[in-house]
Amino acid sequence: MQRIGVFVCHCGTNIAGTVDVKAVAEALKTEPGVVFSTDYQYMCSQAGQDIIKKAIAEYNLTGIVVCSCSPRMHEATFRKTAAAAGLNPYMVEIANIREQCSWVHKEVPIGTEKAIILAKAAVAKVNLNAPLTPGESPVTKRALVIGGGIAGIQTALDIADAGFPVDIVETKPTIGGKMAQLDKTFPTLDCAACILTPKMVDVAQNDKIRVFSYSEVTEVGGFVGNFEVTIKRRARYVKEDICTGCGLCTEKCPQKKVPNEFNLGMDNRSAIYIPFAQAVPKVATIDPNHCMKLKTGKCGVCSKVCTAGAIDYEAKDEFVKEKYGAIVVATGFNPISMEKFDEFAYSQSKDVITSLELERLMNAAGPTGGTLLRPSDHEHPHTIVFVQCVGSRCEACAEKGKEYCSKICCMYTAKHAMLIRDKYPDTEVYVFYIDVRTPGKNFDEFYRRAVEEYGVHYIKGMVGKVSPEGNKLKVQGSDLIYGRQLHIDADLVVLAAAIEPDKSARPLATMLTASMDTNDFFTEAHPKLRPVESPTAGVFLSGTCQGPKDIPETVSQAGAAASKVIGLLCKDKLTGNPCVAHSDEMMCNGCSTCEKVCPYGAISYVDKEFRMPDRTTKVRRVAVVNEAVCQGCGACTVACMSGAMDLKGFMNKQIMAEVDAICK
Amino acid sequence: MLDKKELLKEQVIRASGVNPLKCMRCGKCSGTCPSYDEMEYHPHQFVYMVEMGDIETLMKSESVYKCLSCFACVERCPRGVEPAKIIEAVRLEAIRQKGNNHMTANDIPEKVNDDIPQQAIMSAMRKYSK
């Protein structure tokens with residue numbers, strides 16, 4: 001039998017104004033198990049806590065009920081008080097007689113009656129409480145960052161700066177991501193490469209950071225603090241540690257007709273290639289789909305010209321297994337395909353391009369050496385039309401576009417328009433917009449500058465049709481403010497394509513048991529208060545894999561994710577929440593329902609030998625909960641049909657006892 | 001060499017001292033205009049159409065005379081665009097092309113009347129004189 005103490009708080013007049021607290025304390029005295037009951041003005045104050053500590057010692061209490069505010073407010077306070085007096089903190093129950101009682105009732109008799117009922121329910125629960133001890137698990141002091149764009153780079157640098165080793169896994173032959181493809185960055189117009197490549201070099205030179213480029217994660221096991229990850233290192237046919245990045249092989253390679261993905265197919269590269277001059281790691285990679293040696297066995301020029309002897313045609317994919325304490329997802333985004341938007345003639349004309357293609361056309365390292373030329377005839381365009389929201393905010397066309405706002409397009413379009421007017425003042429630039437959305441520091445001022453200083457024509461309305469005629473693009477759109485249809489003969493049309501999460505995100509989320517929304521963006525643990533953590537313990541989010549973001553936002557989120565990782569890796573041991581699910585093996589029928597509903601991947605099934613009453617043994621399939629992964633949500637206890645699953649601290653019988661006490 | 005349309009735009013912008021590019025098209029000028037229902041083209045359209053260089057359409061419209069010159073739009077514009085000044089400049093252009101002053105300073109004393117606010121007489125002067 002428990003020896004329970006009841007402590008009723010006045011909370012000034014917050015509770016005492018509508019609840020007769022003395023009557024509550026008096027009524028609880030006769031409840032089973034209660035050996036002490038009192039009231040006090042502020043239980044959470046030092047004096048109030050001393051009353052609790054003294055009563056625990058004096059009456060040898062085994063459990064306490066505090067009738068006060070919401071457990072969100074002071075449960076932790078009173079658990080600490082109990083622990084200080086030598087009582088297991090999980091023997092404390094809070095009866096919420098403020099938010100759910102005194103604040104919502106006006107009449108004292110009604111408030112008092114309800115407070116007594118709520119207190120009785122808490123006493124009934126404490127009678128069935130058992131002391132709980134949180135489990136502990138060790139932490140592997142190494143982090144994994146999946147994706148080597150600006151988000152992954154910043155996260156890795158920040159983690160390494162705190163002294164922890166970090167591995168970056170990047171599918172491309174180099175880190176750098178989308179930012180490496182950009183020309184200038186808003187709102188300050190500094191050159192993307194000038195601010196990114198020093199960071200890439202920092203990554204390469206940091207002895208705490210390993211870069212697995214041209215690699216991907218193929219398997220993830222384990223749990224927070226103890227992940228086991230398999231990384232596939234694709235064969236690049238060039239020995240990474242020997243190649244000096246001199247680039248001679250790329251010059252001599254006879255196969256030069258491979259579309260260059262770094263310039264979005266607007267020029268060609270050789271079959272052995274280095275994506276761009278500042279690549280990290282700066283080593284060549286052989287494209288096995290185009291290399292004649294690998295395809296037909298005839299050629300071998302690169303191995304002949306390589307003075308370092310780095311070429312290895314026999315290379316095979318390798319698998320690396322490594323343990324990590326934390327995983328950061330930074331898989332980034334891609335612009336959506338424009339193929340389905342027939343109205344903009346993207347597939348019909350080379351002069352209808354996406355904004356990312358325009359970045360390359362304006363970049364000094366791009367296919368035109370930084371001079372803006374039409375892709376079709378290499379002439380200077382004199383009339384350029386930008387179309388915003390292509391595929392964004394597109395609810396009715398789910399197979400073509402996305403329902404959400406891609407967030408970055410308004411700003412980069414203002415940037416493009418401004419740069420073009422600055423460099424080529426004889427060019428007329430039109431921007432068709434639905435709304436101009438420029439929240440952010442110095443963002444709206446930037447957009448206004450495009451209009452007021454650079455004379456970009458912003459037209460409220462959408463382009464309905466683009467039709468190529470001769471060497472012109474006939475643009476037909478609406479001007480809603482003027483109230484008429486506009487017809488513009490354009491030389492170049494630039495589409496602000498919606499962005500979507502990288503295709504690798506979905507299979508990765510499955511491996512990590514991290515949840516995603518319907519658009520394949522990773523879900524954060526709390527949209528406002530835990531924005532860089534995934535609901536799965538030990539998995540963190542950085543950059544556009546969580547939602548559309550610009551560079552300033554991505555970098556701040558990357559730093560935030562790093563600080564969460566550092567906070568985790570600093571610990572030698574992880575203390576879990578003891579209120580976790582527990583399966584009664586004798587009752588479990590092995591149906592797998594709990595495994596399917598668990599959002600954290602905490603439940604697995606094992607075959608276990610059981611000794612039967614007749615002394616034979618029988619192998620049965622039963623559920624096992626990994627307590628380090630379980631977050632105590634209770635989904636499994638509701639789903640379990642045989643009643644085998646229970647949540648410690650919130651056992652079914654405890655909850656039933658509370659219900660019984662209320663209904664009595 | 002500017003063509004006629006561009007010359008007119010240049011003239012209106014110079015006479016009014018207004019930079020129509022500053023307009024962010026919120027519509028507060030038209031939202032505040034007491035003469036809105038009387039006008040074919042509303043204050044925000046004046047600003048926009050001047051920017052587009054479509055001034056002849058405005059000059060032909062009755063709307064230039066429907067503006068009361070109350071300057072509420074100027075007072076309330078969040079970007080300091082001063083739409084009424086642009087309307088005035090367009091009107092001035094129309095009156096100049098027609099030639100005559102329709103009201104002179106000498107006409108003022110006989111119009112002074114206790115029932116008419118003096119501001120209205122000044123407005124009329126602005127409206128009908130080049």
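So that the names make sense, note that chain A is the first sequence line, chain B the second, and so on, each numbered from 1.
Only the side chain of Arg484(A) comes within contact range of chain B, with heavy atoms under 4.5 Å apart.
The main-chain N or O of Tyr458(A) is found under 3.5 Å from a side-chain atom of Arg25(B) such that the two form a donor-acceptor pair.
The stretch residues 54-89 of chain B places Asp54(B), Arg79(B) near chain A, each with some heavy atom under 4.5 Å from a heavy atom of that chain. When the heavy atoms of residues 342-356 of chain A are compared with those of chain B, none of the residues falls under 4.5 Å.
With a 4.5 Å cut-off on side-chain heavy atoms, Glu51(B) and His457(A) count as touching. The shortest side-chain heavy-atom distance between Arg448(A) and Met24(B) falls under the 4.5 Å cut-off.
Here the NE2 atom belonging to His44(B) is positioned 6.5 Å from the CD1 atom belonging to Ile481(A), to the nearest 0.5 angstrom. From Met49(B), atom CE reaches atom OH of Tyr482(A) across 4.0 Å, with rounding to the nearest 0.5 Å.
No more than 12 heavy-atom neighbours from other residues, nucleotides or ligands sit within 6.0 angstrom of CD on Gln118(B).
Closest of all the heavy-atom pairs between Val451(A) and Leu21(B) is CG1-O, 3.3 Å.
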